[in-house]
Amino acid sequence: MNPRLDRRGFLVLGGLSLAAAACGGDAKPGAPAPVPVAPTDPAVAAAEAGRLAPGRKPVAVRLKAAPVTLDLAGREVQTWAYGDGAGTTEIRAKKGDLLEATLVNDLPAESTIHWHGITIRNDMDGVSPVTQAPVMPGDSFTYRFALEHPGTYWYHPHIGLQADRGLYGPLIIEDPDDATGAETEFVIVLDDWLDGLGTTPDEVLTALNPALSGHAGHAMTPDATMTPGHVMTPAPPSSAATALVSGAHGNSTPLGGMGGHIAYPLHLVNGRPPADRPTFTARAGAKIRLRIINAAAETPYRFAVGGHKLTVTHADGFPVEPVEADALVLGMGERYDVLLTPKSGAWPIMAAAEGKAGYAAAILRSSSSASAPSVGSRPTELDGRLLSYADLVPEGSARLADRAPARDYRVELIGGTDRYVWGLAGADAAALRAVEGERIRITMRNSTPMWHPMHLHGHTFAIPGGARKDTVNILPGQDLAIEFDADNPGPWMFHCHNAYHFEAGMTANLTYVRA
Ligand code: C2O
Ligand code: CU
């Protein structure tokens with residue numbers, strides 16, 4: 001039978017009803033239905049109150065989302081972006097600042113901005129229809145929120161597959177008490193690219209599964225009006241889209257299975273493909289910091305710098321005890337901060353698509369006379385010691401105190417065996433609830449043959465071993481428990497950050513309820 005999205009947004013597949021976008025039913029018959037805490041609840045503003053440092057001027061930025069033509073090393077692509085590059089509009093502020101970011105929507109589609117990883121006030125989380133109405137074409141919306149934790153974050157729309165176009169960017173929150181001692185820093189945003197190269201993300205979704213295409217959040221055609229939940233008839237996928245999803249199923253050992261389904265034609269560092277790779281220039285012997293963000297929709301990356309070891313200091317913005325590695329694997333949505341001290345020369349930076357062909361590249365240069373490494377020169381460090389989650393020990397301030405969970409949930413990650421559908425299953429998946437102040441544990445079981453980068457909005461949870469993260473890779477067959485304190489009221493999404501898995505149903509809501 002064909003999967004379909006019913007009116008309330010539940011993905012219905014072979015009799016299983018998976019929580020897609022709405023809240024589930026209630027456990028005990030006869031018990032009064034718990035009262036959810038809405039984005040407009042005074043508790044949301046109350047949680048925000050403690051986050052602002054007094055006496056600061058707000059940091060105001062304007063993000064115009066619009067169709068643009070980009071030049072990717074000589075290939076012109078039509079896409080959508082903020083500003084004039086893919087992922088190049090950096091927002092930088094300090095811990096305790098108030099960010100005032102105005103989204104000006106010049107797209108031919110509704111949009112929002114989600115601030116990935118931020119312990120944000122719920123009504124600014126940018127998830128339509130959960131936390132706000134979508135920002136319609138021609139409208140604007142100002143996101144106004146305090147930045148509680150320093151670190152490396154990013155932003156992207158939370159509608160359809162818009163983030164697989166050029167709509168994303170880094171959000172860097174500086175720490176006034178930064179202890180890394182870094183003299184310079186570089187932000188490295190990684191992205192997989194297909195938009196405008198004969199196809200679009202929406203066409204690729206249609207090629208993966210025609211039954212999934214055309215629901216809310218996609219581009220409006222001039223003669224169609226879009227209302228939430230309105231289903232448009234999809235065009236058949238182009239041959240370019242079909243080609244990208246046929247037979248592109250490479251395996252990854254660290255990720256325990258298939259790396260992904262889509263053979264992206266290009267991979268970018270800060271909006272630039274390998275043929276136009278950026279150069280980061282630093283003084284030999286200086287201590288430098290790299291903030292690495294995987295903003296890709298469907299590609300994990302293995303990252304290394306030729307000739308250098310990396311000292312990892314932060315995972316998803318939160319500090320860890322410094323630990324050395326040759327290479328890092330970043331799932332979609334994950335970030336790491338690393339320190340290194342450049343040796344004199346010009347060194348290849350490579351983010352190899354993990355379990356897929358292709359790579360993104362850059363140069364680290366600390367000598368003007370050294371000749372550039374050849375494009376595609378693969379640092380041997382990529383095959384050296386990989387960072388694992390077991391290496392991540394939270395720095396004291398980042399440690400979540402031990403506490404027995406008040407709620408202990410189980411969620412199963414499932415996938416279709418004969419078609420491209422994904423979901424979160426089990427009774428708990430449709431009824432993830434928290435009362436403010438409680439410790440929550442969610443144990444995920446991955447019953448699929450593929451890894452999933454699971455992301456929770458509004459909280460930074462602890463993974464086994466204690467490091468704090470907001471996005472965690474779960475390998476095929478693995479059970480993994482995350483824990484967090486319910487200290488940020490409102491409805492929050494909990495989903496796979498593979499953008500196509502998300503579109504195919506791998507999402508649930510965490511709902512705060514009144515005690
Ligand atoms: Cu970057 Cu719902 O996520
Ligand atoms: Cu997934």
Side-chain angles (χ1 to χ4, degrees), residues 11 18 20-21 87 111-120 122 124-132 152-164 167-171 189-191 205 208-209 212 217 252 255-262 293-300 316-317 330-335 355 411-416 420-425 429 444-461 469-478 480 490-510:
L11 181 67
L18 312 176
S111 196
T112 61
I113 299 181
H114 168 62
W115 311 91
H116 183 115
I118 303 287
T119 52
I120 198 168
N122 179 266
M124 295 291 137
D125 197 43
V127 176
S128 161
V130 179
T131 66
Q132 72 171 108
T152 302
Y153 299 90
W154 64 297
Y155 61 92
H156 59 79
H158 219 287
I159 290 199
L161 292 163
Q162 291 182 1
D164 200 19
L167 295 167
Y168 58 91
L171 167 54
V189 186
L190 306 172
D191 186 33
L205 183 68
L208 287 165
N209 183 348
L212 295 169
S252 157
L255 295 173
M258 192 194 295
H261 287 80
I262 306 172
I293 301 170
N294 184 353
E298 216 257 349
T299 305
D316 293 357
L330 294 97
M332 294 79 80
E334 289 193 293
R335 293 91 62 211
V411 169
E412 191 180 358
L413 283 53
I414 62 169
Y420 194 89
V421 284
W422 303 91
L424 300 176
M444 291 170 274
R445 161 160 296 183
N446 182 355
S447 303
T448 77
M450 196 176 172
W451 71 288
H452 302 278
M454 291 298 296
H455 172 51
L456 174 64
H457 287 204
H459 302 76
T460 299
F461 47 75
K469 294 193 95 281
D470 52 64
T471 309
V472 63
N473 302 330
I474 304 189
L475 308 193
Q478 194 183 11
L480 190 139
W492 301 102
M493 294 212 108
F494 176 54
H495 65 89
C496 177
H497 220 286
N498 179 317
Y500 293 79
H501 291 188
F502 176 71
E503 284 299 289
M506 206 162 210
T507 177
N509 283 359
L510 168 72

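Note that the structure is a prediction, hence the values are computed from the model and not measured. First listed ligand is number 1; within each ligand, the first listed atom is number 1.
Looking only at N/O/S atoms, H452 comes nearest to the Cu ion (ligand 2) through ND1. Taking atom 1 (Cu) of ligand 1 as reference, H116 places its N/O/S atom ND1 nearest. H158 contributes NE2 as its N, O or S atom closest to atom 2 (Cu) of ligand 1. Here the N, O or S atom of H501 that is nearest to the Cu ion (ligand 2) is ND1.
Here H495 contributes NE2 and H457 contributes NE2, and at atom 2 (Cu) of ligand 1 these two atoms make an angle of 110°, given to 10°.
Between the side chain of N294 and the backbone N or O of L330 there is at least one donor-acceptor pair closer than 3.5 Å.
In this structure, E503 CD and L212 CG are separated by 8.0 Å, a value rounded to the nearest 0.5 Å.
Of the residues H452, H457, H501, the one that meets the side chain to side chain contact (heavy atoms under 4.5 Å, CB included) test with H495 is H457.
Atom 1 (Cu) of ligand 1 has an N, O or S atom of H156 under 2.8 Å away, backbone or side chain. Atom 1 (Cu) of ligand 1 has no N, O or S atom of H455 under 2.8 Å away, backbone or side chain.
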Working for side chain to side chain contact (heavy atoms under 4.5 Å, CB included), residues F461 and M454 = CA-CA 11 Å; F461 47 75; M454 291 298 296; over 6 Å; no
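Considering all non-hydrogen atoms of both residues, P491 and V130 come closest at CB-CG1, 3.7 Å.
Looking only at side-chain heavy atoms (C-beta outward), M332 and P300 come within less than 4.5 Å of each other.
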